[in-house]
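Just so it is clear, the model here is predicted, and its values are computed rather than measured.
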Amino acid sequence: MRLVFAGTPAAAVPALRLLAAHHEVAAVVTRPDAALGRKRVLTASPVAQAATDLGIPVIRAARLDDAATEAITALGADLGVIVAYGGLVREPLLSAPTHGWINLHFSLLPQWRGAAPVQRALIAGDRRLGVSVFQLVPALDAGDVFAMHEVDVPADSTAEVVLEVLAENGAHTTLEVVDAIAAGTATATPQSGEPSLAAKLSLEDGSLTWTEPLDAVFARFRGVTPEPGAHTTIDGARLKILDAAPADEGAPRLAPGEIVGVKGGLLFGTGTDPLQVRRVQPAGKGAMNAADWWRGLRDTHTVKAGS
């Protein structure tokens, strides 16, 4: 199959590499280079970097406008494959490849249609996670599904780890679908069930509410780590929480937001059992062990998270 591949983040790279090993990828479409880090260095997307390594031409487009549509249509692709590109494919580009476009989505559709399926699933406390490959249609993530697989992920994993696992599994699922389309044996079925939406996360989605039960606090931590990042406020200043887990059994119950130093970190009180925090990042500073941050603060402050 002659393919055009659209994707941007690291989660799309395994699918690109696997497809390039078995089919002809005529070009890769990705978002333009972005200024990253404190020095704002202009950096190619992970997909652009992978495409360059593979010797595949790259089309950089912030949106799939007339110019991008013309360039992609000129490729004469049999099939378009999209994995977390970050933009909408509309007509006439949607129908340009012979077999249209398929989309690898990191959810069990119709659950969590939208930009942040893994993050929203974790925040909601979902235990069933997986991938879907579906026919792209104008409606958001609503096309018929070629393949759907539930995937085992490590317990208590953050969104970063879950995405890595789903990306690897999803790459193989995508290749199976592309192979089936090439062989003329692919079949797709309409989505079944009540859809849920996975809106893009904002900075405020990372704010931890200590009056909630531990399960809810930890679920939100998992879902927003590493981006946009879990955080709380201490004396009005934001404190980013980088590494946390439910406290060991037998840990003392604390008032919501109360902080106590223990071996290996800190305990933060929730509406039920405490959360153990191991690494933090104070505003304007680098990451550090939570215990080190606490030692530098507790001598001069009576502190409570969320204050």
- Item | Test side chain to side chain contact (heavy atoms under 4.5 Å, CB included) applied to Ile56 and Leu16, step by step | CA-CA 10 Å; Ile56 299 171; Leu16 171 60; 4.2 Å; yes
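- A continuous path of Ile, Leu, Val, Met, Phe, Trp and Tyr side chains, each step under 4.5 Å between heavy atoms, connects Ile259 with Met288, placing both in one hydrophobic cluster.
- When the side chain to side chain contact (heavy atoms under 4.5 Å, CB included) test is applied to Arg90, the partners found at least two apart in sequence or on another chain are Leu88.
- The backbone N or O of Asp141 lies less than 3.5 Å from a partner atom in the side chain of Arg113, making a donor-acceptor pair.
- Residues Asp126 and Trp112 bring a donor and an acceptor atom of their side chains to less than 3.5 Å of each other.
- Within the 4.5 Å cutoff, no side-chain heavy atoms of Pro57 are placed close to those of Val28.
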Pairs of donor and acceptor atoms involving the side chains of residues 114-122, under 3.5 Å and at least two apart or interchain, shall be tabulated with distances.
residue: Arg120; atom: NE; partner: Ala199; partner atom: O; Å: 3.0
residue: Arg120; atom: NH2; partner: Ala199; partner atom: O; Å: 3.2
residue: Arg120; atom: NH2; partner: Lys200; partner atom: O; Å: 3.4
residue: Arg120; atom: NH2; partner: Asp205; partner atom: OD2; Å: 3.3

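- The shortest side-chain heavy-atom distance between Leu93 and Thr73 falls under the 4.5 Å cut-off.
- Annotation: side chain of Ile241 is not in contact with side chain of Arg279 (no heavy-atom distance under 4.5 Å).
- Taken to the nearest 0.5 Å, the CD atom of Glu24 stands 12.5 Å off from the CG atom of Leu19.
- Between Ile59 and Ala27, the shortest heavy-atom distance links the atoms CD1-CB, 4.3 Å.
- Here the side chains of Thr158 and Val161 are in contact, with some heavy-atom distance below 4.5 Å.
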**Item:** Residues Arg60, Asp33; criterion side chain to side chain contact (heavy atoms under 4.5 Å, CB included); working and verdict
**Value:** CA-CA 8 Å; Arg60 288 172 169 83; Asp33 297 357; 2.8 Å; yes
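- Taking every heavy atom of both residues into account, Pro14 and Glu168 meet most closely at CG-OE2, 3.6 Å.
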Name the atoms and distances for all side-chain donor-acceptor pairs under 3.5 Å in residues 268-278, with sequence neighbours left out.
residue: Thr270; atom: OG1; partner: Leu214; partner atom: N; Å: 3.4
residue: Thr270; atom: OG1; partner: Thr272; partner atom: N; Å: 3.0
residue: Thr270; atom: OG1; partner: Asp273; partner atom: O; Å: 2.5
residue: Thr272; atom: OG1; partner: Leu214; partner atom: N; Å: 2.8
residue: Asp273; atom: OD1; partner: Arg253; partner atom: NE; Å: 3.3
residue: Arg278; atom: NE; partner: Asp243; partner atom: OD2; Å: 3.2
residue: Arg278; atom: NH2; partner: Asp243; partner atom: OD1; Å: 3.1

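- The hydrophobic cluster containing Val280 also contains Phe218, counting ILVMFWY residues as joined when their side-chain heavy atoms lie under 4.5 angstrom apart, directly or transitively.
- Nearest heavy atoms, Glu160 versus Pro226: CB-CD, 3.3 Å.
- In the hydrophobic clustering of ILVMFWY residues, with side-chain heavy atoms under 4.5 Å counting as a link, Trp294 and Trp210 come out together.
- Each of Asn103, Ile102, Val81 was scored for a side chain to side chain contact (heavy atoms under 4.5 Å, CB included) with Leu136, with one residue passing: Asn103.
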Just list the side-chain donor-acceptor pairs under 3.5 Å for residues 175-187, sequence neighbours left out, or say none.
residue: Asp179; atom: OD1; partner: His23; partner atom: NE2; Å: 2.7
residue: Thr185; atom: OG1; partner: Ala180; partner atom: O; Å: 3.4

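- Rounding to the nearest 0.5 Å gives a distance of 8.0 Å between CG of Leu208 and CZ of Arg220.
- You'll find the side chain of Tyr85 stays beyond 4.5 Å of the side chain of Val47, heavy atoms only.
- Note that CG of Leu201 and CD of Glu227 are 9.5 Å apart. Values are rounded to the nearest 0.5 Å.
- Looking at Trp101, its side chain never comes within 3.5 Å of a backbone N or O of Ala96 through a donor-acceptor pair.
- Remark: Gln191 CD to Phe134 CZ distance equals 7.0 Å, nearest 0.5 Å.
- Val165 places none of its side-chain heavy atoms less than 4.5 Å from the side chain of Phe106.
- Residue Lys263 holds its NZ atom at 11.0 Å from CG of Asp248, rounded to the nearest 0.5 Å.
- When every heavy atom of Ala287 is checked against every heavy atom of Leu242, the shortest pair comes out as CB-CD1, 3.4 Å.
- The minimum heavy-atom distance between Leu79 and Gly100, with the atom names listed, is CD1-O, 3.4 Å.
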Leu104 vs Val131, test: side chain to side chain contact (heavy atoms under 4.5 Å, CB included). Steps then yes/no. CA-CA 7 Å; Leu104 168 62; Val131 298; 4.0 Å; yes
Determine whether Val25 and Val4 satisfy the following criterion, side chain to side chain contact (heavy atoms under 4.5 Å, CB included), listing intermediate values before the conclusion. CA-CA 6 Å; Val25 181; Val4 57; over 6 Å; no
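- Residues Arg128 and Leu108 form a side-chain contact, since some pair of their non-hydrogen atoms from C-beta on lies under 4.5 Å apart.
- A donor-acceptor contact closer than 3.5 angstrom is absent between the side chains of His105 and Ser132.
- Linking Ile, Leu, Val, Met, Phe, Trp and Tyr residues whenever their side-chain heavy atoms come within less than 4.5 Å places Leu18 and Leu163 in a single cluster.
- Under the 3.5 Å distance criterion, the side-chain polar atoms of Ser157 are left unmatched by any main-chain donor or acceptor of Val153.
- Going from atom CG of Asp78 over to atom NE2 of His99 covers 6.0 Å, rounded to the nearest 0.5 Å.
- Val151 and Met148 fall into different hydrophobic clusters, where Ile, Leu, Val, Met, Phe, Trp and Tyr side chains are chained together by heavy-atom contacts under 4.5 Å.
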Acceptor/donor pairs from residues 61-71 side chains to any protein atom, 3.5 angstrom cut, sequence neighbours excluded:
residue: Asp65; atom: OD1; partner: Ala67; partner atom: N; Å: 3.3
residue: Asp65; atom: OD1; partner: Ala68; partner atom: N; Å: 3.0
residue: Thr69; atom: OG1; partner: Asp65; partner atom: O; Å: 2.9

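- For Arg238, the side chain to side chain contact (heavy atoms under 4.5 Å, CB included) partners at least two apart in sequence or on another chain are Leu203, Glu204, His231.
- Of all heavy-atom pairs spanning Val137 and Ala142, the tightest one is CG2-C, 3.9 Å.
- Looking at Thr30 and Ser45, their side chains do bring a donor and an acceptor atom within 3.5 Å of each other.
- Gln49 places none of its side-chain heavy atoms less than 4.5 Å from the side chain of Thr52.
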